Number of protein chains: 2
Amino acid sequence: MSPSPNDLTPVAIPEPTLKRLPYYYKFIQGQREARREFVSCTTLAEALGLNAIQVRKDLQATGAVGRPKVGYHVEATLDAIEECMGYHNTQDIFLVGAGHLGQALLAYPGFSEFGFNVVAAFDSDPAKVGTEFAGKPILEASRLSDLVRRMHIQIAILAVPATAAQTVTDTLVQAGIRAIWNFTPTRLAVPKEVLVQDENLLASLSVLSKQLENSRVKSHKESTHGKPEEL
Amino acid sequence: MSPSPNDLTPVAIPEPTLKRLPYYYKFIQGQREARREFVSCTTLAEALGLNAIQVRKDLQATGAVGRPKVGYHVEATLDAIEECMGYHNTQDIFLVGAGHLGQALLAYPGFSEFGFNVVAAFDSDPAKVGTEFAGKPILEASRLSDLVRRMHIQIAILAVPATAAQTVTDTLVQAGIRAIWNFTPTRLAVPKEVLVQDENLLASLSVLSKQLENSRVKSHKESTHGKPEEL
DNA sequence: TCCATATCGATAAAACCTTATCGAAACTCC
DNA sequence: GGAGTTTCGATAAGGTTTTATCGATATGGA
């Protein structure tokens, strides 16, 4: 069951790796601007607060190759990451829900650098419909389905109130959406071929708060009881 | 080396679990409103698109106990999650950077429900300083350090431009911040006792896009190269 | 030229998270 | 009241991600 040598199926890259690649990309871009030709895992790891071995494995996953004692060629590695992450091929995306969060996303300048193009936003508020925000038109929500279909939009950003989340999702799915970036605190029910990436802000904040509490207890135990620093 | 029975050290709960707990919480609240007294893992799992065994393990981590054939007591389980996640004890938070994203976070109504209270925002734009947004004052950035110290603020939301990220972080750390919720696409350098939760939106979107690409290749390979209805 | 050192690639070990299995408890229906 | 079924809790198996180890290679300096 080993992959045949010329099996072109991209080996699935672990999600944690995918999330780190943009950091490497950004840092290596900085190195390019500093006119460095090579960059080593050690340097990357130190700068980003990561483990050097992990960095090496991550870069390996992109297909980048390095040279012992020298490191990775800056240009070649940037290319490898771009190629791997698909920063080249521009994707058109729809934003659904032009509330505060939606507007913040519309205004976000960074998308284009990574090959994303938010072409339009949709909202049900008549006061917003017909206007523009950050140069993007805000369209009537009822047109969403039709436009997803006709423009073959594959990715949608869901930034509507939680109460509307599933309804809008159903619309999107029926219109043929392939992936949803979900900013609502709702678990969406979708057919298994539709991808959902949850961005649950409250959950993240809760995690942070809980970890903080843990660390507080731990350090309290360490510092108070004197020696038994653990167990 | 089993923990002694009355060891009160909270067993560190896995981060994936922490991220799922808010979903359980929300759903079980719904069950309470529907006047149900018990809820089972099976029900939860089905509603949220998760694995029942996983739900059970997650709930076990909170200390909630269930009864075979009956399920978990709604009230008791809500309490357990609240207790575990610290929804009871209100945390005061500062927001740094009142741009589009910062404003969206300021306007977000959900924080208070989970025990968070954004007390003020900070920005360096004189046009914003002195105004209010969503009832929260926007203060001069130079006062950040002093107020973090005096008010014993432990958590800060970082929503400044990437260029300012590390500088502001250093200020926060010196002022004694304990945790940073980082919305900039930068890996922050902090002492190890300071917690950072990264919320790298571009990274998440990249992941989604890459997974979409993978699934496309896969399904293309599987489903005969029949009739390409698109592309 | 040769040695010391930094770094890569590959493979192995460890840690962590998810999924499976199984016995026991408790409810329902006969 | 007993059989059947659902569901829990505990433990084990499986998978994935992180960290470690080790030989090989390239560079710089003696």
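Order of the sequence lines fixes the chain letters, A, B, ..., with proteins taken first and strands second; residue numbering starts at 1 for each chain. Because the structure is predicted, anything quoted here is derived from the model rather than measured.
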Subject >> Nearest to side-chain heavy atoms of A:Lys57, which nucleotide of C:dA26, D:dC8, D:dT18 >> reply: D:dT18
Original post:
C:dT18 P sits how many Å from B:Ile13 CD1, rounded?
Top reply: 13 Å
**OP:** Check the distance between C:dA10's C1' and A:Leu59's CG and give it to me in whole angstrom.
**Re:** 16 Å
Original post:
Can you tell if the side chain of A:Ile177 reaches within under 4.5 Å of the side chain of A:Phe94, non-hydrogen atoms only?
Top reply: no
**OP:** Answer yes or no: is there a side-chain heavy-atom contact under 4.5 Å between B:Tyr108 and A:Leu201?
**Re:** no
Original post:
In terms of the nearest nucleotide of DNA chain D, which residue is placed more toward the 5' end: B:Val65 or A:Ile53?
Top reply: B:Val65
Original post:
For A:Pro16 and A:Lys69, take the nucleotide of DNA chain D holding the closest heavy atom to each; which residue's nucleotide lies nearer the 5' end?
Top reply: A:Pro16
Subject >> Nearest listed nucleotide, side chain of B:Gln54, among C:dT18, C:dC8, C:dA26 >> reply: C:dT18
Original post:
Whole-Å distance between D:dT25 P and A:Arg56 CZ?
Top reply: 16 Å
Original post:
Once you round it to whole Å, what is the distance between P of D:dA20 and CG of A:Leu50?
Top reply: 14 Å
**OP:** Please report, rounded to the nearest Å, how far the P atom of D:dT16 is from the CG atom of A:Leu18.
**Re:** 14 Å
**OP:** Examine C:dT7: is either OP1 or OP2 under 4.0 Å from a nitrogen or oxygen in the side chain of A:Arg67? Give yes or no.
**Re:** no
Original post:
Hey, is the side chain of B:Arg20 poking within less than 4.0 Å of OP1 or OP2 on C:dT18, counting only N and O atoms?
Top reply: yes
Original post:
Are any of B:Asn51's side-chain N or O atoms less than 4.0 Å away from OP1 or OP2 of C:dT19?
Top reply: yes
Original post:
Does one side chain, of B:Gln31 or B:Glu37, offer a donor that lies under 3.5 Å from an acceptor on the other?
Top reply: no
Subject >> Under-4.0 Å side-chain N/O to phosphate OP1/OP2 contact, A:Gln60 with C:dA10 >> reply: yes
**OP:** Using a 4.0 Å heavy-atom cut-off across all strands, classify B:Thr42 as base, sugar-phosphate, or nothing.
**Re:** sugar-phosphate
Original post:
Using a distance-only test with no angle check, is there a side-chain donor-acceptor pair under 3.5 angstrom linking B:Glu82 and B:Tyr25?
Top reply: yes
**OP:** Using whole Å, report how far OH of A:Tyr72 lies from C1' of C:dA6.
**Re:** 13 Å
**OP:** Could you check how far CG of B:Asp58 sits from P of C:dT18, rounded to whole Å?
**Re:** 7 Å
Original post:
Is it the case that A:Gln166 and A:Asp170 place a side-chain donor and acceptor less than 3.5 Å from each other?
Top reply: yes
Original post:
C:dC8 P sits how many Å from A:His73 NE2, rounded?
Top reply: 15 Å
